[in-house]
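We count residues from 1, following the sequence as given. Because the structure is predicted, anything quoted here is derived from the model rather than measured.
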Amino acid sequence: IMKEQHNRTPREIVKELDRYIIGQDAAKKAIAVALRNRYRRQQLDADMQKEVTPKNILMIGPTGVGKTELARRLALLVEAPFVKVEATKFTEVGYVGRDVESMVRDLVENAIQIVEKQKRGDVYAKAYEAALQRLAKVMKPGIKKAKPKQEGMNDWQNMFKNLGMPLPENQEEETEEVTAEIAQSRSEIIEQLRKGLLNKREVSIKVEEKQANPLGGGGNNEQMMMLQSAFESMTPKKKIQRTFLVEDAIEVLVQEETDKLVNKDDISQEALKLAEINGIIFIDEIDKITSKSQNTGEVSREGVQRDILPIVEGSQVSTKYGAIQTDHILFIASGAFHVSKPSDLIPELQGRFPIRVELNDLTEDDFVRILTEPNNAMLKQYIALLATEDVNITFTQEAIRKMAVIATEVNQETDNIGARRLHTIMEKLLEDLLFEASEIPGTDITITEHYVDEKLEKIVENKDLRRYIL
């Protein structure tokens with residue numbers, strides 16, 4: 001089973017999150033401890049492992065302070081199955097919509113992707129060699145030999161013919177004779193392919209046709225998904241002739257050869273185990289399913305809570321890859337709790353999230369840091385975007401502080417949307433520059449406090465206008 005990346009210590013996890021998220025140290029600390037406890041549990045003996053269950057986390061804080069961003073960065077940080085779901089997407093059992101078990105099925109799908117990527121990496125070298133052999137065979141074909149005709153068709157072949165389906169692949173294969181000269185030519189072609197000398201040549205190869213989904217694009221329903229899977233396994237693979245550049249043909253053939261080398265059953269079993277032991281489910285907007293936030297005529301939100309409860313407590317969920325136990329999956333829930341509070345959740349669900357973390361409102365200093373410090377800081381993004389037009393912009397410290405002051409002021413006097421306010425301010429501030437940048441290449445521009453005042457002052461002062469624009 002794959003472990004979390006480098007078995008990071010809590011301090012290292014917090015340090016990594018600090019690169020992208022400003023402040024909220026309590027939330028980072030709680031997440032870091034929870035992740036480290038997964039690693040500690042794996043060091044215990046088997047009997048004790050069964051007893052140690054994850055301590056689920058409930059993050060409480062206004063919108064735009066970093067709850068969802070923490071989830072996004074967490075997904076990139078850990079080599080573990082991770083899925084983020086919106087609590088508002090689920091409906092109570094018996095109503096049309098997504099049932100809560102689908103979050104566990106999504107987690108298993110994520111685990112399948114992780115394990116499959118690892119397995120494919122393990123057999124890549126072998127698949128690459130097989131792909132080169134196939135391509136060389138196409139580029140230097142052997143001498144075709146007539147294949148003896150079979151007298152009759154068996155029942156399966158008759159069925160395929162009656163349904164208008166192609167015959168199974170081995171019925172269409174042709175035999176060929178390979179002389180010493182052809183074998184030598186193929187060896188030379190393989191060497192050229194390895195060196196990339198033929199990459200820009202075109203080649204026509206037979207590849208497996210991608211199966212269209214006969215049941216439509218929906219498919220939240222588990223039975224429909226299993227039926228679709230069974231239909232795909234029954235339908236024989238049909239090959240079609242396509243023309244590619246050699247470099248693209250190699251990629252397609254490597255994919256096909258890898259499919260032959262990896263064992264789907266091994267992937268399924270390992271992925272289920274990985275999801276059970278290391279899985280993390282992030283449930284966002286959990287405050288929207290409290291009874292206080294329920295409107296007349298809505299589907300029972302409390303019913304959704306009751307449906308979530310057994311999954312968080314630990315139960316068995318059926319997936320198309322097999323059954324999975326949810327006892328050791330880590331659940332992290334978050335919500336703004338503007339019109340409700342955590343105590344409005346049903347008591348049983350409250351008890352399943354023993355660690356409560358409150359995220360703080362962002363201050364003026366936080367906004368300054370958000371604009372400049374993170375690896376993906378907003379100012380860095382806009383500087384990089386305009387640099388593509390050969391326009392170099394710089395921001396003075398006074399201009400940055402002024403933007404932070406405006407963001408804080410507008411958040412206090414209208415709705416508090418946290419750091420998202422900076423997006424609207426930046427777009428309005430640079431609107432003219434972004435429009436004209438393609439016409440003024442080679443220009444150096446400095447954004448000063450005066451420039452910020454000039455662009456935003458009228459909007460900030462006009463309260464009615466501010467409500468709609470900023």
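Here the side chain of N278 pairs no donor or acceptor atom with the backbone of A80 at under 3.5 angstrom. E251 places no side-chain N or O within 3.5 Å of a backbone atom of E247 that could act as its donor or acceptor partner. Of the possible donor and acceptor atoms, one in the side chain of T388 sits under 3.5 Å from a partner among the backbone N and O of L385. A donor-acceptor pair under 3.5 Å is absent between the side-chain atoms of N199 and the main chain of V246, judged by distance alone. Under a 3.5 Å cut-off, the side chain of D99 and the backbone N or O of E101 do form a donor-acceptor pair. Proximity of a side-chain donor or acceptor of D366 to a complementary backbone N or O of T363 within less than 3.5 Å is detected. Of the possible donor and acceptor atoms, none in the side chain of R8 sits under 3.5 Å from a partner among the backbone N and O of V14. Without hydrogens or angle criteria, E12 side chain to T9 main chain gives a donor-acceptor distance under 3.5 Å. Proximity of a side-chain donor or acceptor of R186 to a complementary backbone N or O of K140 within less than 3.5 Å is detected. Listed for the K67 side chain is a donor-acceptor partner under 3.5 Å among the backbone atoms of P62.
Rounded to the nearest 0.5 angstrom, T319 OG1 and L107 CG are separated by 10.5 Å. I57 contributes atom CD1, which lies 10.0 Å from atom CZ of F353 (distance to the nearest 0.5 angstrom). Taken to the nearest 0.5 Å, the OH atom of Y20 stands 13.5 Å off from the CG atom of L70. In this structure, NZ on K137 lies 11.5 Å from CD1 on I182, to the nearest 0.5 angstrom. Taking CG from L349 and CD1 from I289, the interatomic distance works out to 7.0 Å, rounded to the nearest 0.5 Å. E191 contributes atom CD, which lies 9.5 Å from atom CG of L193 (distance to the nearest 0.5 angstrom).
No side-chain heavy atom of Y128 sits under 4.5 Å from any side-chain heavy atom of L253. The shortest distance between side-chain heavy atoms of L35 and L74 falls below 4.5 Å. Side-chain contact between T424 and R421: present, with at least one pair of heavy atoms (C-beta onward) separated by less than 4.5 Å. For the pair Q118 and E270, the minimum side-chain heavy-atom distance is below 4.5 Å. V65 places a side-chain heavy atom less than 4.5 Å from the side chain of Q24. Counting heavy atoms from C-beta on, the side chains of E202 and F244 never come closer than 4.5 Å. The shortest side-chain heavy-atom distance between F337 and I286 falls under the 4.5 Å cut-off. No side-chain heavy atom of V138 sits under 4.5 Å from any side-chain heavy atom of S204.
Of all heavy-atom pairs between T258 and A127, the closest is OG1-CB, 3.4 Å. Across every non-hydrogen atom of A404 and V368, the tightest pair is CB-CG2, 3.5 Å. In this structure, L58 and P342 approach most closely via the heavy-atom pair CD2-CB, 4.1 Å. The two atoms that bring R38 and I329 nearest to each other are NH2-CA, 4.4 Å, heavy atoms only. Nearest heavy-atom pair, L362 versus G64, reported as atom, atom and distance to 0.1 Å: CD1-O, 3.5 Å. Contact record, I324 with A275: CD1-CB, 3.7 Å, taken as the closest heavy-atom pair.
Using a cut-off of 4.0 Å between Lys/Arg side-chain N and Asp/Glu carboxylate O, E257 and R134 are scored as salt-bridged. One finds a salt bridge joining E86 and K84 here, because a Lys/Arg side-chain nitrogen approaches an Asp/Glu carboxylate oxygen to under 4.0 Å. Ion pair R105/E109 not flagged as a salt bridge, since none of the NZ, NE, NH1 or NH2 atoms sits closer than 4.0 Å to an Asp/Glu carboxylate oxygen. The pair K89-E285 fails the salt-bridge criterion, with no side-chain N (NZ, NE, NH1 or NH2) lying under 4.0 Å from an Asp/Glu carboxylate O. Checked for salt-bridge contact, R306 and E302 meet the test: a charged N lies under 4.0 Å from a carboxylate O. Using a cutoff of 4.0 Å between basic side-chain nitrogens and carboxylate oxygens, K341 and D287 are not scored as salt-bridged. Look at E129 and K126 and you find no salt bridge, because none of the NZ, NE, NH1 or NH2 atoms lies under 4.0 Å from a carboxylate O. Salt bridge status for E69 with R72: present, with a side-chain N to carboxylate O gap under 4.0 Å.
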(message) Is there a side-chain contact (heavy atoms from CB on, under 4.5 Å) between L135 and M139? Walk through the geometry before answering.
(response) CA-CA 6 Å; L135 199 52; M139 296 176 84; 4.1 Å; yes
Self-check item: Residues R73, E16; criterion salt bridge (charged side-chain N to carboxylate O under 4.0 Å, His left out); working and verdict
Solution: CA-CA 9 Å; R73 295 301 164 184; E16 187 67 24; over 6 Å; no
task = Go through the steps for K28 and D18 under the test salt bridge (charged side-chain N to carboxylate O under 4.0 Å, His left out), then give the verdict.
result = CA-CA 8 Å; K28 291 175 186 171; D18 280 341; 2.5 Å; yes
inquiry  = Between L434 and Y382, does the side-chain contact (heavy atoms from CB on, under 4.5 Å) criterion hold? Intermediate values first, please.
reply    = CA-CA 9 Å; L434 290 165; Y382 281 100; 4.2 Å; yes
Full working for salt bridge (charged side-chain N to carboxylate O under 4.0 Å, His left out) between D327 and K50: CA-CA 9 Å; D327 302 66; K50 291 176 187 173; over 6 Å; no
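Side-chain contact of H328 with R41: a donor-acceptor pair under 3.5 Å is present, judged by distance alone. Judged purely by distance below 3.5 Å, without hydrogens or angles, the side chains of D284 and T68 pair a donor atom with an acceptor atom. Residues D265 and S268 bring no donor and acceptor atom of their side chains to less than 3.5 Å of each other. N56 and R352 share no side-chain donor-acceptor pair at under 3.5 Å. Between T63 and R420, the side chains place a donor N or O and an acceptor N or O closer than 3.5 Å (distance only, hydrogens not considered).
The number of heavy atoms from other shown groups lying within 6.0 Å of NZ (K15) does not exceed 12. Heavy atoms of other residues, nucleotides or ligands lying less than 6.0 angstrom from CZ of R194 number more than 12. Within a 6.0 Å sphere centred on CZ of R201, heavy atoms belonging to other residues, nucleotides or ligands number 12 at most.
Every residue two or more places apart in sequence or in another chain that forms a side chain to side chain donor-acceptor pair (under 3.5 Å) with R40 is listed here: N37.
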